Asks: 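First, the structure itself, so that you have it in front of you.
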Amino acid sequence: MARSGGIEALVLLLLLVSSHASSAFDDGVLGRKGGAIINQVPELASAAPGKYAVIFDAGSTATRLHVFSFDKKMELLKMGDDVEVYATVEPGLSSYAGRPKEAANSMLPLLEKANGIVPGSLMKETPVKLGATAGLRLIGDDKAEQILEAVRDLVHTKSKFQYNPSWINVLEGSQEGSYLWVALNYLLGKLGGDYAKTVGVIDLGGGSVQMAYAISPDAAAAAPVVPHGKDPYVTKEYLKGRDYNVYVHRLDPPLHGLMATCFLMNVFINDKIWN
């Protein structure tokens, strides 16, 4: 999954199974003990070899389709020469602010491609998930929700995939950062051990910058209280039998690009979490 957007798609795939994984899979890959509530997908709890998931990564510059096939231990299965089927359309959904139908219709070629990949007999048990990031966050709640509603209608009427309106949404900043951390450490085989053995991540996206890394329980306990309605500084994850406290920081424009990256690197290197 070397191409741009691959890790983000894996994040969304993990989102689909995280709330059931500790009981559904033998090694308890993922589970959530705090932070944002994850919508449950009971059908995946009994996933058999050859199950599919359809993921739309709605970024600020493009919308990307990823179709995965996996077994009951969440091991990705080969689909041709790769572990996914991938396609993209430009521009991103946020470029259609105020034109929700056009936004949804821009995704139609991707949805049709997914319809042609997943076997018809498995469509009703194949979940479809769309996670939008900074692009939709930046156009305002009302315009973003109009686009999401149009996309929900498109998916519901133009496909037979397992559908839940709440699976088509905007990822909050803390979700985006913490699940990117989960996905990267999952791919590197770092989960299940001491937090200090994991790796941190800085994601320079098209509309925001996120940093996430695991911290000690003492540092997590000292986290300042955030104002009501704001993202928490620390999310708690239960991963492969271990508790992790993941510190997440997001910067949106105008503090973006190289300036934001330098700031986050300073925080990361010097461990000045609450200063």
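Just so it is clear, the structure is predicted and the values come from calculations on it, not from any experiment.
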Asks: Does a side-chain heavy-atom distance below 4.5 Å link Val67 with Ile55?
Replies: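 No, every pair of side-chain atoms sits at 4.5 Å or beyond.
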Asks: To the closest 0.5 Å, what do you measure between CG (Asp243) and OH (Tyr238)?
Replies: 7.0 Å
Asks: If the plane angle is over 60° it's perpendicular, under 30° parallel, otherwise tilted; pick one for Tyr233 and Tyr247.
Replies: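 The rings of Tyr233 and Tyr247 lie parallel, inter-plane angle below 30°.
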Asks: Once you round to the nearest 0.5 Å, how far does CG of Asn185 lie from CD of Glu237?
Replies: 11.0 Å
Asks: Can you name the closest pair of heavy atoms from Leu110 and Thr63 and give their distance?
Replies: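 Closest approach of Leu110 to Thr63: CD1-O, 3.5 Å.
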Asks: Are the side chains of Leu154 and Met107 in touch, meaning some heavy atoms are under 4.5 Å apart?
Replies: yes
Asks: Determine the minimum heavy-atom distance between Tyr244 and Gly193, stating which atoms define it.
Replies: OH-O, 2.6 Å
Asks: Quick one: salt bridge (Lys or Arg N to Asp or Glu O under 4.0 Å) pairs with a partner in residues 150-165, sequence neighbours left out?
Replies: Glu145-Arg152, Glu149-Arg152
Asks: Would you call the rings of Phe68 and His66 parallel, tilted or perpendicular, taking 30° and 60° as the class edges?
Replies: parallel
Asks: State yes or no: do Val246 and Leu188 share one hydrophobic cluster built from I, L, V, M, F, W and Y residues joined by side-chain heavy-atom distances below 4.5 Å, directly or via other members?
Replies: yes
Asks: Holding to ring pair (Phe, Tyr, Trp, His ring centres under 6.0 Å), I want the full list of residues that pass it with Phe161, two or more places apart in sequence or in another chain.
Replies: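 For Phe161, no residue satisfies ring pair (Phe, Tyr, Trp, His ring centres under 6.0 Å) once neighbours in sequence are set aside.
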Asks: Heavy atoms, side chains only, cut-off 4.5 Å: are Leu65 and Thr88 in contact?
Replies: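 Answer no - side chains too far apart.
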Asks: Trp167 versus Gln162: any side-chain heavy-atom pair under 4.5 Å?
Replies: yes
Asks: Could you grab the distance from atom CD of Glu90 to atom OG1 of Thr61, nearest 0.5 Å is fine?
Replies: 6.5 Å
Asks: Answer whether the closest heavy-atom distance between the side chains of Tyr163 and Pro127 falls below 4.5 Å.
Replies: no
Asks: With sequence neighbours excluded, give me every side-chain hydrogen bond (donor to acceptor under 3.5 Å, both in side chains) pair touching residues 101-119.
Replies: Arg99-Glu102
Asks: Only counting residues at least two apart or in another chain, list the ones meeting side-chain contact (heavy atoms from CB on, under 4.5 Å) with Pro109.
Replies: none
Asks: Are Ile215 and Met211 grouped together when hydrophobic residues (ILVMFWY) are joined by side-chain heavy atoms under 4.5 angstrom apart?
Replies: yes
Asks: State plainly whether one hydrophobic cluster holds both Leu111 and Ile147, where clusters connect Ile, Leu, Val, Met, Phe, Trp and Tyr through side-chain heavy atoms under 4.5 angstrom apart.
Replies: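 Same cluster.
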Asks: Would you say Tyr52 and Met79 make side-chain contact, with heavy atoms under 4.5 Å?
Replies: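 When only atoms from C-beta onward are counted, Met79 and Tyr52 do touch, with a gap below 4.5 Å.
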Asks: May I ask you to test the Ser94-Leu138 pair for a side-chain heavy-atom distance under 4.5 Å?
Replies: no
Asks: How close do Pro91 and Ser95 get, heavy atom to heavy atom, and via which atoms?
Replies: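 Result for this residue pair: CB-OG, 3.3 Å.
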Asks: Considering non-hydrogen atoms only, spot the tightest contact between Gly200 and Trp181 and give its length.
Replies: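 So the two residues come closest at CA-CD1, 4.3 Å.
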Asks: Mind checking the OG-NZ spacing from Ser178 to Lys236? Nearest 0.5 Å is all I need.
Replies: 13.0 Å
Asks: What are the two closest heavy atoms between Gly59 and Thr133, and how far apart are they?
Replies: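 Closest approach of Gly59 to Thr133, heavy atoms only: CA-OG1, 3.7 Å.
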Asks: Taking a hydrophobic cluster as the set of Ile, Leu, Val, Met, Phe, Trp and Tyr residues connected by side-chain heavy atoms closer than 4.5 Å, whether directly or through intermediates, do Val199 and Val248 fall within one such cluster?
Replies: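 Yes, same cluster.
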Asks: Rounded to the nearest 0.5 Å, how far apart are CZ of Phe56 and CD1 of Ile168?
Replies: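 Rounded to the nearest 0.5 Å, the CZ-CD1 separation comes out at 8.5 Å.
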Asks: So which atom in Lys143 and which in Gly98 form the shortest heavy-atom distance, rounded to 0.1 Å?
Replies: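 Closest pair (atom of Lys143, atom of Gly98, distance): CD-N, 4.2 Å.
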Asks: Partners of Ala132 by side-chain contact (heavy atoms from CB on, under 4.5 Å), sequence neighbours excluded?
Replies: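 Ala132: side-chain contact (heavy atoms from CB on, under 4.5 Å) contacts with Ala58, Leu130, Leu136, Val170.
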Asks: So, do Leu180 and Leu184 sit near enough that their side-chain heavy atoms are less than 4.5 Å apart?
Replies: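 No, every pair of side-chain atoms sits at 4.5 Å or beyond.
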Asks: In this structure, which one of Val128, Val85, Ile117 forms a side-chain contact (heavy atoms from CB on, under 4.5 Å) with Val54?
Replies: Val128
Asks: Do side-chain atoms of Ser69 reach the backbone of Lys51 as a donor and acceptor pair under 3.5 angstrom?
Replies: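 Yes, because the side chain of Ser69 sits within donor-acceptor range (under 3.5 Å) of the backbone of Lys51.
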Asks: Would you say the side chains of Asn169 and Lys129 form a donor-acceptor pair under 3.5 Å?
Replies: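 Yes, because at least one side-chain N or O of Asn169 sits under 3.5 Å from a partner of the opposite role on Lys129.
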Asks: What salt bridge (Lys or Arg N to Asp or Glu O under 4.0 Å) pairs are there with at least one residue in residues 187-197, not counting sequence neighbours?
Replies: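 For residues 187-197, and leaving out neighbouring residues, there are no salt bridge (Lys or Arg N to Asp or Glu O under 4.0 Å) pairs at all.
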Asks: Is it true that the side chains of Asp218 and Ser216 contain a donor and an acceptor less than 3.5 Å apart?
Replies: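 Judged by distance alone, the side chains do not pair up.
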Asks: Could you state whether Ile139 and Leu93 fall into the same hydrophobic cluster, counting links through intermediate Ile, Leu, Val, Met, Phe, Trp or Tyr residues with side-chain heavy atoms under 4.5 angstrom apart?
Replies: yes
